[in-house]
Amino acid sequence: MKYAAINGELVNMAAAVVPVTDHGFLYGLGLFETFRTYQGVPFLLERHLERMASGCRELGIPFTTTAAEVTGWIKNLLLANELQDAYVRYTVSAGDAPLGLPSGDYGQPNHIVLAKALPEPSPSLYKNGKMLQRLSTPRNTPEGDVRLKSLHYMNSILAKRELSGYGQHVQGAEGLQFSRSGHVAEGIVSNVFWVRKGVLYTPSIETGILPGITRAVVLELATQQGIPYREGLFPWEDLLHTDEIFLTGSVAELVPVTTLRDLDGTEILISSGHIGPVTEALLGMYRQKAGYTS
């Protein structure tokens, strides 16, 4: 990663800086979106920008950037970094402001776009799946009525540190967090779904999870295919009796989970260790919508 785009201008990474008085640095006042490109085109960009704009309104950060502008920034960034397709992070930081909590709106936010090569997926990941490790670190409550994809990510970092503490037993696994009331919430960097007797389940936004873009698309695809789904408050035990489990994220797409691991190290095999038929069908439809080719 040689270059970043800051406020629309390509900048060498060594010179890619924001002021120490930027309230994104001082108070975590800012938002970000991560997504990937397919054949150089950012997928579902308009939805990501809609979520960004909504969050910015709540935080008093002006946001007038258009999809065309962001697409141009990404195109230039991919070219400069010699990337065909990429993992993209678009951050809007509140910007330079006086020291102290603000009493009004911000005036000039910083727009930062980073792009790196997509992670090389394991050849077996989308066939044989991955492990989902139950965590004791609870998902914190949202900043407002709905969780924002904000810059203060300490809860997720603490969860990641807990996951790492399980050592080689959970190599490559995702961690599963619960709400403080004990209901299944979400992965550290993913939303979670499961299938039982042909019905698709996923935790409600009421649990405080991020309303994921890929999560919403999966629910739309399920509706198109006549797959019934339920959003609600579910205990860990519901996951132990499922036919399929999968995780969603804008970069990872839909990833099957084939092993559940409890806090005591007990492991349960899901879907006989292979991607299930509903997961496979939804993944295929998602990739078709994205224009994925391999």
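This is a predicted model, so every value here is computed, not measured. Residue indices begin at 1 and follow the sequence shown.
- Grouping the Ile, Leu, Val, Met, Phe, Trp and Tyr side chains by contacts below 4.5 angstrom, directly or via other members, places V251 apart from L114.
- Nearest heavy-atom pair, Q133 versus D262, reported as atom, atom and distance to 0.1 Å: NE2-O, 3.3 Å.
- A donor-acceptor pair under 3.5 Å links the side-chain atoms of H23 to the main chain of P98, judged by distance alone.
- A pairwise comparison of heavy atoms in L118 and R36 identifies CD1-NH2, 3.3 Å as the closest pair.
- Remark: the backbone N or O of N128 is paired with a side-chain donor or acceptor of T258 at under 3.5 angstrom.
- L239 has its side chain out of reach of R134: every pair of non-hydrogen atoms, C-beta onward, lies at least 4.5 Å apart.
- Here the rule is side chain to side chain contact (heavy atoms under 4.5 Å, CB included) with H111, and of V92, I6, V70 only V92 fits it.
- Once rounded to the nearest 0.5 Å, the distance linking CD1 of I227 with CG of L282 reads 4.5 Å.
- With hydrophobic clusters built from ILVMFWY side chains whose heavy atoms lie under 4.5 angstrom apart, W236 shares a cluster with V192.
- Of the N and O atoms on the side chains of N110 and S93, not one donor lies less than 3.5 Å from an acceptor on the other residue.
- Both tests do not hold together for R89 against Y87: distance to the six-membered ring centre under 6.0 Å, angle to the ring axis within 45°.
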### Query
Please walk me through it: do T248 and F193 pass side chain to side chain contact (heavy atoms under 4.5 Å, CB included)?
CA-CA 8 Å; T248 62; F193 287 81; 3.6 Å; yes

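- Within the 4.5 Å cutoff, no side-chain heavy atoms of T202 are placed close to those of Y229.
- In the hydrophobic cluster analysis, where Ile, Leu, Val, Met, Phe, Trp and Tyr join through side-chain heavy atoms closer than 4.5 angstrom, L135 is grouped apart from M154.
- The environment of CG in N12 is crowded: more than 12 heavy-atom neighbours from other residues, nucleotides or ligands sit within 6.0 Å.
- E231 places no side-chain N or O within 3.5 Å of a backbone atom of I205 that could act as its donor or acceptor partner.
- Cation-pi geometry between R57 and F63 is not met at under 6.0 angstrom from the ring centre and within 45 degrees of the axis.
- Atom CD of E220 sits in a crowded spot, with more than 12 heavy atoms from other residues, nucleotides or ligands closer than 6.0 Å.
- For the pair H152/E143, a side-chain contact is recorded, criterion being any heavy-atom separation below 4.5 Å from C-beta on.
- In summary, the aromatic rings of Y90 and H48 are positioned with their centroids too far apart to meet the 6.0 Å limit.
- A distance of 11.5 Å separates NE2 of H241 from NZ of K197, quoted to the nearest 0.5 Å.
- Q177 places a side-chain N or O within donor-acceptor distance of the main-chain N or O of P138, the cut-off being under 3.5 Å.
- Other residues, nucleotides and ligands place more than 12 heavy atoms under 6.0 Å from the CD atom of E237.
- Looking at every heavy atom in both residues, P211 comes nearest to V146 through CG-CG1, 3.6 Å.
- The shortest non-hydrogen separation linking V278 to E244 is N-OE2, 3.1 Å.
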### Message
Quick one, L263 with Y166, criterion side chain to side chain contact (heavy atoms under 4.5 Å, CB included). Give me CA distance, side-chain angles, the key distance, then yes/no.
### Response
CA-CA 9 Å; L263 294 172; Y166 291 104; 3.4 Å; yes

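- Taking CD1 of I209 as the reference point, atom CZ of R147 lies at 9.0 Å (rounded to 0.5 Å).
- Within 6.0 Å of atom CD in E69, more than 12 heavy atoms from other residues, nucleotides or ligands are found, so the atom counts as buried in its surroundings.
- For CD of E267, the number of neighbouring non-hydrogen atoms (other residues, nucleotides, ligands) closer than 6.0 Å is greater than 12.
- Between the side chains of S156 and R139, at least one donor-acceptor pair of N or O atoms lies under 3.5 Å.
- By the 6.0 Å contact criterion, OH on Y126 is enclosed, its count of non-hydrogen atoms from other residues, nucleotides or ligands being greater than 12.
- Listed for the Y27 side chain is a donor-acceptor partner under 3.5 Å among the backbone atoms of G100.
- Atoms CG and CE, on L77 and M1 in that order, are 9.0 Å from each other to the nearest 0.5 Å.
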### Query
When you look at R287 and E253, which way does the salt bridge (Lys or Arg N to Asp or Glu O under 4.0 Å) test go after all the steps?
CA-CA 8 Å; R287 286 179 167 176; E253 304 172 324; 2.8 Å; yes

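- Enclosure of atom CG in L99 is not indicated, since only 12 or fewer non-hydrogen atoms of other residues, nucleotides or ligands lie within 6.0 angstrom.
- With a 4.5 Å cut-off on side-chain heavy atoms, T34 and K149 count as touching.
- Side-chain N or O atoms of N81 include none that pairs as donor or acceptor with a backbone N or O of A4 at under 3.5 Å.
- Nearest heavy atom pair, residue L158 against residue T137, reads O-OG1, 4.1 Å.
- Taken from CD in Q225 to CE in M285, the straight-line distance is 4.0 Å, to the nearest 0.5 Å.
- Taking a 6.0 Å sphere around CZ of F25, one finds it holds 12 or fewer heavy atoms contributed by other residues, nucleotides or ligands.
- Test S204, P235, P203 against V184 for side chain to side chain contact (heavy atoms under 4.5 Å, CB included) and you get one pass: P203.
- The one candidate from L283, I213, L254 that meets the side chain to side chain contact (heavy atoms under 4.5 Å, CB included) condition with V218 is L254.
- Taking hydrophobic clusters as Ile, Leu, Val, Met, Phe, Trp and Tyr residues chained together by side-chain heavy-atom distances below 4.5 Å, L221 shares a cluster with F246.
- Without hydrogens or angle criteria, S164 side chain to K160 main chain gives a donor-acceptor distance under 3.5 Å.
- Cluster annotation: L49 is not connected to V41 through the hydrophobic network of ILVMFWY side chains, with a link wherever side-chain heavy atoms come within less than 4.5 Å.
- Inter-residue side-chain proximity for F32 and I112 is flagged as unmet; no heavy-atom pair is nearer than 4.5 Å.
- Side-chain N or O atoms of N155 include one that pairs as donor or acceptor with a backbone N or O of N140 at under 3.5 Å.
- Looking at P62 and D105, their side chains never come closer than 4.5 Å, going by heavy atoms from C-beta outward.
- Under the 3.5 Å distance criterion, with hydrogens and angles disregarded, no donor-acceptor pair is assigned to the side chains of S272 and H274.
- Closest of all the heavy-atom pairs between A290 and F43 is CA-CE1, 3.4 Å.
- For the atom pair CG (L132) and CZ (R261), the distance works out to 12.0 Å, reported to the nearest 0.5 Å.
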